[in-house]
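Everything numeric in this text was worked out from a predicted model, so none of it was measured. First listed ligand is number 1; within each ligand, the first listed atom is number 1.
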Amino acid sequence: MKSFRHLSVQLLLLATLFPILALCYINPATTSIHQNATKSSAYRAYIVLVQPPPSNAGEDAHHQWYESFLSTSLAGDSRKSRLLYSYTEVFNGFAVRLTDAELDKVSKKPGFVRAFPDQTLQLMTTHTPEFLGLRNGTGFWSQADYGKGVIIGLLDSGIYAAHASFNDHGVPPPPARWKGSCDAARCNNKLIGAKSLIADHDSDDEQGHGTHTSSTAAGNFVTGASYNGVGTGTAVGIAPSAHIAMYKVCDARDCKASAILAGLEEAIKDGVDVLSLSLGSSTGASFDQDPISIGAFSAVSKGILVVCAAGNNGPIQSSVTNEAPWLLTVAASSVDRSFSVNIHLGNGKTIDGEALTQIGNPRSKLHSLLYSKEWRYCNYDYDNSITGKILLCKDNKSRAQRSKIRNIVGAGATGVVLFNDEISGYTTTVTDYNSSVVQVTAADGEALIAYIALTDNSSMASLAYNGTQFGVRPAPVVTSFSSRGPSSLAPNILKPDILAPGLNILAAWPSKTGHGQGSFTIISGTSMATPHVSGVAALIKGIHPDWSPATIKSAILTTSDIINGTGGSILDEQHRKASVYDTGAGHVNPPRAADPGLVYDLSVIDYAGYICWLLGDIGLATIVHNSSLSCAKLPKVQDVQLNYPTITVPLTSTQFTVNRTVTNVGPAESTFKVKVDVPRSLTVRVIPDTMSFSKTGEKKTFSVSVSSLELGKELYVDGTLSWVSEKHVVRSPIIVVPA
Ligand SMILES: *[C@@H]1O[C@H](CO)[C@@H](O)[C@H](O)[C@H]1NC(C)=O
Ligand SMILES: *[C@@H]1O[C@H](CO)[C@@H](O)[C@H](O)[C@H]1NC(C)=O
Ligand SMILES: *[C@@H]1O[C@H](CO)[C@@H](O)[C@H](O)[C@H]1NC(C)=O
Ligand SMILES: *[C@@H]1O[C@H](CO)[C@@H](O)[C@H](O)[C@H]1NC(C)=O
Ligand SMILES: *[C@@H]1O[C@H](CO)[C@@H](O)[C@H](O)[C@H]1NC(C)=O
Ligand SMILES: *[C@@H]1O[C@H](CO)[C@@H](O)[C@H](O)[C@H]1NC(C)=O
Ligand SMILES: *[C@@H]1O[C@H](CO)[C@@H](O)[C@H](O)[C@H]1NC(C)=O
Ligand SMILES: *[C@@H]1O[C@H](CO)[C@@H](O)[C@H](O)[C@H]1NC(C)=O
Ligand SMILES: *[C@@H]1O[C@H](CO)[C@@H](O)[C@H](O)[C@H]1NC(C)=O
């Protein structure tokens with residue numbers, strides 16, 4: 001009776017709420033808004049969400065229930081082949097190819113919740129563990145037992161199973177709770193799961209991306225790894241003894257939302273501990289129309305931490321994707337390594353460049369250095385004027401330019417110095433040109449142009465290849481491509497959450513594809529930053545198996561760094577002080593993350609209250625899909641009041657107060673004092689200013705009240721709020737935004 005009443009409430013809300021959800025398919029019976037008014041007889045893939053089956057008894061009941069939506073709506077012959085996936089874990093529903101007329105019929109059936117068109121999403125080291133403070137045989141790595149017993153699931157392009165990084169030396173058999181299966185060419189205690197969710201594909205990696213991300217998260221030790229002799233060293237992932245389970249949801253080109261949901265479905269059933277998603281959409285669809293937000297919620301409610309890429313659409317403001325508060329959203333930074341080439345100029349000055357192809361004479365003689373505004377993209381004709389010269393050109397990041405450069409060097413130019421465009425600034429994404437090309441920053445490009453202008457085309461330069469250098473400063477620096485906050489869907493919840501290495505990352509690569517020679521390659525993206533954090537989460541999970549996803553996330557955020565190794569601010573791609581919307585809470589610091597002292601926890605009920613506040617019952621039904629919950633019975637949670645480990649406060653004419661509750665996960669007896677560091681224009685009051693705990697697991701609530709005479713011209717003002725004990729500093733960024 002209870003659930004029946006609930007059902008009618010939802011249906012009522014469906015009718016009234018659907019018209020404002022523009023991207024979503026709308027039942028033509030209740031409204032006339034439709035994406036395409038002309039009826040198409042072409043098939044299109046839809047993801048269809050329905051109520052739970054009337055009798056909730058196992059998978060068979062589910063499938064019969066789903067079948068009942070299709071049996072009278074679809075022409076009988078092709079019904080089976082048009083059902084793409086059916087889901088029970090991520091929500092009740094299925095993916096199916098339908099004509100417009102068939103979708104109309106399906107949507108009129110009792111129990112239909114909503115449908116949205118399938119969509120396409122994009123896939124967006126020898127050294128990084130050391131840069132992150134992980135060293136063999138010592139400290140955090142051995143304390144966490146290198147991630148033994150923890151299962152990292154990846155949704156990606158598949159995996160090249162035979163790669164040396166996936167050897168299982170020192171890795172124990174999977175835990176008894178593991179229910180997955182592995183269809184790869186080599187399955188072992190390292191690679192315990194491999195499945196393809198794409199029809200007519202096996203779990204092999206034609207693309208390379210999934211092999212790279214898997215080895216970054218949990219690749220085992222491989223000595224003597226390098227890319228064509230650069231970056232030589234021992235390649236290893238962040239959690240070298242953790243298990244890997246690959247769910248192939250992307251082919252060589254892209255990833256379909258329906259396959260991603262199927263991958264999440266399998267990963268939840270199989271029992272992974274951490275999920276790593278180096279993919280995302282750029283549509284900015286509402287949380288209840290975004291497959292990753294919906295599917296990941298089910299994973300989080302089963303205790304699985306879901307780590308996602310922030311996107312590669314930076315440095316544009318509000319370009320962040322995967323922004324739901326139940327996700328851990330990762331931005332990308334540089335590391336302190338460079339593939340060094342010194343450009344010695346005729347005037348005695350030297351400019352530091354980088355080259356992935358370290359060829360050429362280390363002490364080569366001086367050549368004429370040429371720049372012409374007309375040929376600035378290296379669009380030179382092949383004539384004698386370029387023979388024996390070094391050409392200065394601006395990177396336009398096109399395939400056409402890459403092939404042009406190879407050709408002009410082949411035709412007799414000595415080399416090319418390629419400078420970044422203004423937007424990339426100091427972010428040099430090294431590219432393999434397989435010829436003598438040196439990449440420099442935008443600022444060094446300007447300096448070289450100025451030098452050439454001053455010397456009237458009699459300028460000279462030589463290139464000295466100097467191999468892989470470490471200790472490069474400043475590092476970390478936020479990359480230009482890393483997507484930025486604030487989130488457009490949830491502006492009062494800080495996104496991205498965390499910064500991790502994602503520029504010029506060396507990791508495993510299938511040896512048979514053409515992209516990288518040998519079995520390692522160097523690529524960049526928030527895709528590369530994400531598995532670093534998934535690996536850190538696995539190490540923490542290994543030490544604290546009972547910690548919730550929100551607890552692990554809080555631990556990673558509140559222990560991160562906002563200053564670099566020498567105490568300076570972390571910079572952005574223009575070498576300005578990075579903003580909180582570039583870095584999130586800060587740069588990940590794995591050795592500190594397993595011992596945060598206090599954590600900001602969140603349960604399904606907290607998230608559900610937030611979803612009710614933001615999206616109402618239809619959002620609750622789609623994302624949380626637990627029929628014993630309804631917004632009428634849940635306390636609504638305003639965005640700023642969600643118990644998030646970062647704090648955003650709207651500035652009102654009077655003071656505004658937000659509450660947070662912390663849980664003691666450190667020593668039983670500990671006392672924390674508050675330390676607030678904000679600009680003078682703000683008045684911040686924290687009550688109480690001291691918290692004493694006597695038990696592990698004890699919770700205490702504090703309130704933060706903010707007032708100010710005015711924000712001035714700033715879009716926001718930020719600072720930090722830290723709880724400090726003898727052993728711990730629990731730091732949260734505090735961001736004050738106009739109300
Ligand atoms: C409907 O879709 C068809 C086929 O894709 C297209 O040609 C037509 O312009 C669309 N009509 C509207 C109103 O968008
Ligand atoms: C680091 O430790 C692992 C596990 O103890 C071992 O297998 C590996 O060979 C070591 N690597 C180096 C470079 O010392
Ligand atoms: C980039 O450079 C190449 C050749 O150097 C040229 O063919 C192409 O048109 C340029 N593209 C843009 C967008 O400027
Ligand atoms: C790189 O260039 C050399 C000659 O310059 C050529 O032999 C080799 O095949 C090239 N490699 C690739 C991957 O294109
Ligand atoms: C420098 O050389 C380029 C390319 O040959 C030419 O276009 C330009 O006019 C020269 N500049 C001067 C100042 O001679
Ligand atoms: C070249 O590399 C060596 C170490 O490999 C380093 O000591 C030296 O300073 C580098 N030279 C330049 C000019 O950067
Ligand atoms: C730290 O950042 C400052 C600028 O904020 C920079 O001058 C310094 O070189 C950086 N140090 C390191 C180790 O990157
Ligand atoms: C639904 O929510 C209720 C109340 O919080 C909870 O007891 C139950 O376990 C949830 N059901 C599922 C399937 O998560
Ligand atoms: C915050 O906490 C204070 C004191 O416990 C309480 O009075 C107030 O209602 C709380 N505010 C919210 C929004 O929960």
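- A salt bridge (charged side-chain N to carboxylate O under 4.0 Å, His left out) check over residues 571-580, counting only residues at least two apart or in different chains, returns the pairs Arg484-Glu573, Asp572-Arg576, Glu573-Arg576.
- Just one residue in the list Leu370, Leu418, Val417, Thr414 forms a side chain to side chain contact (heavy atoms under 4.5 Å, CB included) with Leu391, and that residue is Leu370.
- Each of the following atoms of ligand 3 lies closer than 4.0 Å to a heavy atom of Asn379: 5 (O).
- With hydrogens and angles disregarded, a donor-acceptor distance shorter than 3.5 Å links the side chain of Ser301 to the backbone of Phe297.
- If you number the atoms of ligand 3 from 1 as listed, the ones under 4.0 Å from a heavy atom of Cys378 come out as 5 (O).
- Ring planes of Phe287 and Tyr610: tilted class, angle from 30 to 60°.
- Polar contact with ligand 3: present for Asn396 (N/O pair, distance under 3.5 Å).
- Side-chain atoms of His728 do not come within 3.5 Å of backbone N or O of Val724 as any donor-acceptor pair.
- Between the Thr428 side chain and the Val430 main chain, no donor and acceptor come within less than 3.5 Å of each other.
- Side-chain atoms of Ser340 and Asp352 form no donor-acceptor pair, as typed in the model, at a separation below 3.5 Å.
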Can you give me a line-by-line list of nitrogen or oxygen pairs between ligand 7 and the protein shorter than 3.5 Å?
| unit_1 | atom_1 | unit_2 | atom_2 | d |
| --- | --- | --- | --- | --- |
| ligand 7 | 2 (O) | Asn564 | ND2 | 2.2 |
| ligand 7 | 5 (O) | Ser569 | N | 3.2 |
| ligand 7 | 5 (O) | Ser569 | O | 2.9 |
| ligand 7 | 11 (N) | Asn564 | OD1 | 3.4 |
| ligand 7 | 11 (N) | Asn564 | ND2 | 3.0 |
| ligand 7 | 11 (N) | Thr566 | OG1 | 2.7 |
| ligand 7 | 14 (O) | Ala475 | N | 2.9 |
| ligand 7 | 14 (O) | Ala475 | O | 3.3 |
| ligand 7 | 14 (O) | Asn564 | ND2 | 3.4 |

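- With hydrogens and angles ignored, the 3.5 Å screen pairs a side-chain donor or acceptor of Asn420 with a backbone N or O of Thr427.
- The shortest N or O to N or O distance between Gln401 and ligand 3 is not under 3.5 Å.
- In terms of polar-atom proximity, Asn659 is counted as a contact of ligand 9, with an N or O under 3.5 Å from an N or O of the ligand.
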